[in-house]
Asks: 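The structure follows.
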Amino acid sequence: MGEALDENSPGLPGARIAVPVYNDRGIVDEIVPTSVEDATYHDLCTTGTAVQAAVYPGEHLLTDDEAQHNVLQFIAQRLAGAPPVDSCLTNPNTL
């Protein structure tokens, strides 16, 4: 289990990620607790990582369907060289 968590970790706590991150969650996510999502988001923000955050009304898997358009738009904007929306600037503590 520890190896799987390490492989899926965005980085060590306190490590800045050099590229913008899209972070979303379902408001009623039954898999990843809100406290874990908020802690990860807050950690990324405190390192200076640019994070575009979104909260959707669904649960864990439903959020994928709800978010896919925004995820693809986020990627297209990065590939086009557009600056990221940084949610950390307006809401640094929680999603």
Side-chain angles (χ1 to χ4, degrees):
M1 179 73 154
E3 282 183 40
L5 290 173
D6 289 342
E7 289 172 7
N8 289 286
S9 173
L12 299 173
R16 182 180 180 277
I17 297 175
V19 297
V21 172
Y22 185 86
N23 182 272
D24 65 52
R25 73 159 185 232
I27 195 78
V28 291
D29 191 325
E30 76 287 8
I31 306 295
V32 181
T34 298
S35 61
V36 171
E37 289 281 1
D38 285 345
T40 299
Y41 174 76
H42 179 71
D43 185 56
L44 289 170
C45 288
T46 60
T47 66
T49 300
V51 181
Q52 183 173 330
V55 178
Y56 296 93
E59 43 75 36
H60 190 81
L61 293 176
L62 183 59
T63 298
D64 291 344
D65 287 336
E66 295 172 340
Q68 67 183 339
H69 173 75
N70 293 334
V71 171
L72 293 173
Q73 185 177 42
F74 174 82
I75 293 168
Q77 290 170 344
R78 301 299 69 76
L79 293 174
V85 171
D86 191 350
S87 301
C88 296
L89 299 177
T90 56
N91 193 12
N93 296 314
T94 61
L95 290 176

Asks: In Å, rounded to the nearest 0.5 Å, how long is the span from CD of Gln52 to SG of Cys88?
Replies: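 Here the rounded value is 11.0 Å.
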Asks: Can you tell me how far apart OG1 (Thr49) and CD1 (Ile17) are? Round to the nearest 0.5 Å.
Replies: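 Here the rounded value is 5.0 Å.
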Asks: Is there a path of hydrophobic side-chain contacts, each under 4.5 Å between heavy atoms of I, L, V, M, F, W or Y residues, that connects Val55 with Val51?
Replies: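 Hydrophobic grouping puts Val55 with Val51.
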Asks: Within the 4.5 Å heavy-atom criterion, are Gln77 and Pro84 side-chain neighbours or not?
Replies: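 SC-SC contact between Gln77 and Pro84 ruled out.
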Asks: Please identify each residue that fulfils ring-ring contact (aromatic ring centres under 6.0 Å, His included) with Tyr56, with sequence neighbours left out.
Replies: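 So Tyr56 forms no ring-ring contact (aromatic ring centres under 6.0 Å, His included) with any residue.
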Asks: For residues 31-38, run the donor-acceptor check on the side chains, cut-off 3.5 Å, and write out each pair with its distance to 0.1 Å, sequence neighbours left out.
Replies:
unit_1	atom_1	unit_2	atom_2	d
Asp38	OD1	Arg25	NH1	2.7
Asp38	OD1	Leu95	N	3.4

Asks: Please confirm whether the backbone N or O of Cys45 pairs with a side-chain atom of Arg16, one donor and one acceptor, at under 3.5 Å?
Replies: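 Not confirmed, Arg16 side chain does not pair with Cys45 backbone.
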Asks: Name every donor-acceptor pair, under 3.5 Å, that has one atom in a side chain of residues 61-68 and the other anywhere in the protein, sequence neighbours excluded.
Replies:
unit_1	atom_1	unit_2	atom_2	d
Thr63	OG1	Gly26	N	3.4
Thr63	OG1	Glu59	O	2.6
Glu66	OE1	Gly58	N	3.4

Asks: Measuring from atom OH of Tyr41 to atom OG1 of Thr46, what distance do you get when rounded to the nearest 0.5 angstrom?
Replies: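 Here the interatomic distance stands at 11.0 Å.
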Asks: Quick one: do Val71 and Leu79 end up in the same hydrophobic cluster if we chain Ile, Leu, Val, Met, Phe, Trp and Tyr together by side-chain heavy atoms under 4.5 Å apart?
Replies: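 Same cluster.
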Asks: Find the distance between OG1 (Thr47) and NE2 (His42) and round it off to the nearest 0.5 Å.
Replies: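 Answer for the OG1-NE2 pair, Thr47 versus His42, is 10.5 Å.
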Asks: Hey, does Ile75 have a side-chain heavy atom less than 4.5 Å from the side chain of Tyr22?
Replies: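 A side-chain contact under 4.5 Å is absent here.
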